[in-house]
Amino acid sequence: MGLEFARPLPDYQDLSPEEKKRCIVGALKARQRFDGQNVFLVDDLMITGYTLKEAARALRAVGANRVYGFVCGRGVTFSDLAEHLTRVD
């Protein structure tokens, strides 16, 4: 893997979306150069997208040409689910 955490992160479960965003900024760093390369990131789950965005930033900082993100699942919050279930289309 070409990325690692530059510092420990707190438990995400107890953080608001804005706190998660502030927490992840600068938390990832590349372990090698990716000069001119296209990089494909695969993540098991995306909730806010902040980790994927930060990973792309870290990879571009070490020369990645393009960074593509692929996510296997998209997490939803209870309020998102409740809104979807109560909405009349």
Side-chain angles (χ1 to χ4, degrees):
M1 177 71 175
L3 292 169
E4 65 186 4
F5 284 100
R7 57 183 160 75
L9 296 178
D11 185 5
Y12 262 25
Q13 287 182 326
D14 300 329
L15 301 179
S16 72
E18 281 304 310
E19 289 171 322
K20 290 176 186 178
K21 185 177 182 178
R22 282 192 301 271
C23 179
I24 195 66
V25 172
L28 292 172
K29 67 178 182 179
R31 296 165 66 170
Q32 63 193 58
R33 298 284 313 169
F34 287 91
D35 295 318
Q37 295 181 43
N38 293 329
V39 180
F40 294 84
L41 295 172
V42 179
D43 201 351
D44 60 341
L45 178 67
M46 182 178 76
I47 296 174
T48 62
Y50 299 140
T51 303
L52 195 58
K53 184 176 180 178
E54 178 59 21
R57 184 213 54 81
L59 291 165
R60 285 192 306 267
V62 293
N65 180 44
R66 290 183 182 244
V67 179
Y68 299 93
F70 296 91
V71 179
C72 299
R74 170 81 165 102
V76 296
T77 64
F78 179 74
S79 60
D80 291 338
L81 183 59
E83 179 184 328
H84 176 73
L85 293 175
T86 59
R87 185 177 20 180
V88 176
D89 293 330

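Given the structure is predicted, the values throughout are model-derived calculations rather than measurements.
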Enquirer: Could you measure the distance from the CG atom of Leu52 to the CZ atom of Phe70? Nearest 0.5 Å is fine.
Expert: 10.5 Å

Enquirer: Kindly list each side-chain donor-acceptor pair under 3.5 angstrom involving residues 36-50, sequence neighbours excluded, with atom names and distances?
Expert:
residue: Asn38; atom: OD1; partner: Asn65; partner atom: ND2; Å: 2.9
residue: Asn38; atom: OD1; partner: Arg66; partner atom: N; Å: 3.4
residue: Thr48; atom: OG1; partner: Tyr50; partner atom: N; Å: 3.3

Enquirer: So how far is it from Arg33 CZ to Leu59 CG, rounded to the nearest 0.5 Å?
Expert: 11.0 Å

Enquirer: Test of understanding: with side-chain contact (heavy atoms from CB on, under 4.5 Å), list the residues that count as partners of Pro10, not counting sequence neighbours.
Expert: Leu15, Cys23

Enquirer: Which pairs pass side chain to side chain donor-acceptor pair (under 3.5 Å) with one or both residues in residues 51-64, sequence neighbours excluded?
Expert: Glu54-Arg57

Enquirer: Going only through I, L, V, M, F, W and Y residues with side-chain contacts under 4.5 Å, is there a path from Leu28 to Leu9?
Expert: yes

Enquirer: For the atom pair CG (Leu3) and NZ (Lys29), what is the distance rounded to the nearest 0.5 Å?
Expert: 11.0 Å

